[in-house]
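Below: the structure, in structure tokens.
The figures here come from the full heavy-atom set of this structure, side chains too, leaving out hydrogens, waters and symmetry mates. Numbers restart at 1 for each chain; the letters A, B, ... are given by sequence-line order, proteins then strands.
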Amino acid sequence: MEEKLVKEIPAKSENLSQWYIEVIRKAELADYAPMKGMMVIRPAGYAIWENIQRLLDKRFKETGHVNAYFPLFIPESFLKKEAEHVEGFAPEVAWVTRGGSEELQEPLAVRPTSEAIICAMYSKWVRSWRDLPLLINQWANVVRWEKVTRPFLRTTEFLWQEGHTVHASFEDAQEEVLRILGIYQDFIEKELAIKVYAGRKSDREKFAGALYTYTVEALMPDGKALQAGTSHNLGQNFSKAFEIRFEDRDQKLKYAWQTSWGVSTRLIGATVMVHGDDDGLVLPPKVAPHQVVIVPIFKARDKDKVLSVGEKLHADLKGRFRTVYDSREEYTPGWKFAEWELRGVPLRIEIGPRDLEKNQAVFVRRDTREKFPVPLDEVVHRAEEVLEEIQRDLFKRSEDFTRENTREAKDYEEFREILEERRGFVVAPWCGREECELKVKEETKATIRLIPPEGESVEGKKCIVCGRPAKHVVYFARSY
RNA sequence: CGGGGCGUGGCUCAGCCUGGUUAGAGCGCCUGCUUCGGGAGCAGGAGGUCGGUGGUUCGAAUCCACUCGCCCCGACCA
């Protein structure tokens, strides 16, 4: 039994919810603002977001997308143009009804998502098939008046990116939707080291106003699923509501086909939950604000020697990795170890008198706590390898956990038993009827998280609930 | 939005039930010295008006009402 090194954080395995909140505050990722459901993203948290932005934005640009920025406010009449859309979002929209001392003629919604305002602009910009595809993304904040909030996972205001594209055909739009879904999956698995399943949402769970919604879903340590990103095929629903038409090669005027897609600061929450441990954050090297921390260890008599080697190490490392050199003298090495572990720095490099004698440094992995000596002239090279190993191992662990907690249910009794006692994903055949979906939700609190891509045959399979012939084999889970 | 719990120096909490001296502790913080390979030791010091508002009372952290915020359960949630 390993000794717990950080005080005042509840054990992750015993109380995930408390652990999560405490870690976020103690590691200074975020703090509560004085208004309900709102938080301040502190520098340590924002640095993760900046890394997410950088790595995702690169992928968007590589696939032909450009960034723009649309207004925060949406006139009420615009929001109302697409019927399903307004119905879906109405309960959680914040309104501005006054400007200065004057009542507004028309209330302005604080965007809960930007389809309405963006489509209004697109209807002005799209005229010809030559204008398509239109591939725009924006990094922005949105506001949703949620009843239950939790830092990063569900807050009143949050940061995200939302892509909004316009295409000449259903096929083009569908291709875009799946391309983005692929980017999300690749990004989350490679950079955040979180295993996700990708698939389509049931009609009940899809985005308000979409034809189809695709999703990537991750499994949290308590066995509940978290929607990590969505990509919607909007069909012509919005183009008809907002009159986005183009004249095609055949000289016919056609309504455009659209998509929208997004991931949010919720990804930070997922990263914290999936990888953290009882001593605090464990951050994947690719998005960690600091990838390496160098801690020099010295007594008065070897201070100069150790510090000069430490500085040399720092100089060698800082060009390659996000490195912090913690040479503060007011804290002891032990204190620093605990502090940087709490903050999730993937690799710690210790350098002390004993190491100098052997011309080495000591590496300590945050994820495994594995400690091993590295010759001084191999530090940079080994650091690179170790960071890659950590990144890989974190994903492996997430993948193993997710697979181990993905089970097939033979019958409804077993289905309920799994969701009650072990949770995780339960894979089962479904007839496609909302009635059965609702029954499952009522009786187990689980919903259909996704319908996987076609492939597996449903020949001879029967709905886990009603026994009718199955249309799909789907993934159920309780969710955040 | 319904049920429950909780707001006291930066943090974790005691005090409240049974109102009454200058509101306490540990950690953290500041100063000095000694330390430094897993959250160092000693000495001295600073810091709170008890979430907010109103009420009861000679007197309120303590009792009452309202209100803001946080946590848990439920409802809701693309």
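- Ring centers of A:Phe152 and A:Trp49: at least 6.0 Å apart, outside the cut-off.
- Nucleotides B:G54 and B:C68 are separated by 15 Å at their C1' atoms, to the nearest Å.
- For A:Arg348 and B:G37, the shortest distance from a side-chain N or O to OP1 or OP2 is not below 4.0 Å.
- Close to B:C29, at under 4.0 Å from its OP1 or OP2, lies a side-chain N or O of A:Tyr331.
- With distances taken from any side-chain atom of A:Ile21 to the nucleotides B:G39, B:G37, B:C72, the minimum falls on B:C72.
- Note on A:Lys303: every side-chain N or O is 4.0 Å or more away from OP1 and OP2 of B:C36.
- Under the rule for a ring pair (Phe, Tyr, Trp, His ring centres under 6.0 Å), the partners of A:Phe207 that lie at least two apart in sequence or sit in another chain are A:His85, A:Phe89, A:His232.
- A distance below 6.0 Å separates the ring centres of A:Phe415 and A:Tyr412.
- Two residues are said to be in side-chain contact when any heavy atoms from C-beta on lie closer than 4.5 Å; A:Tyr325 and A:Leu313 fail this criterion.
- Contact check on A:Lys147 versus A:Glu92 returns no salt bridge, with no Lys/Arg side-chain nitrogen under 4.0 Å from an Asp/Glu carboxylate oxygen.
- When the C1' atom is compared between B:U53 and B:C58, the two are found 23 Å apart, to the nearest whole Å.
- For the pair A:Thr332 and B:C36, the criterion of a side-chain N or O lying under 4.0 Å from OP1 or OP2 is not met.
- Using a 4.0 Å heavy-atom distance criterion, A:Lys36 is classed as a sugar-phosphate-only contact.
- Ranking B:C77, B:G38, B:C71 by closeness to the A:Arg154 side chain, first place goes to B:C77.
- One atom, CZ of A:Arg354, and another, C1' of B:G38, lie 12 Å apart when rounded to the nearest Å.
- Closest to the side chain of A:Ala338, out of B:C11, B:G37, B:G38, is B:G38.
- In this structure, A:Glu146 places its CD atom 9 Å from C1' of B:C76, rounding to the nearest Å.
- Heavy atoms of A:Tyr32 sit under 4.0 angstrom from primed sugar atoms or phosphate atoms, though from no base atom.
- Counting any heavy atom pair closer than 4.0 Å across all strands shown, A:Glu339 reaches a base atom.
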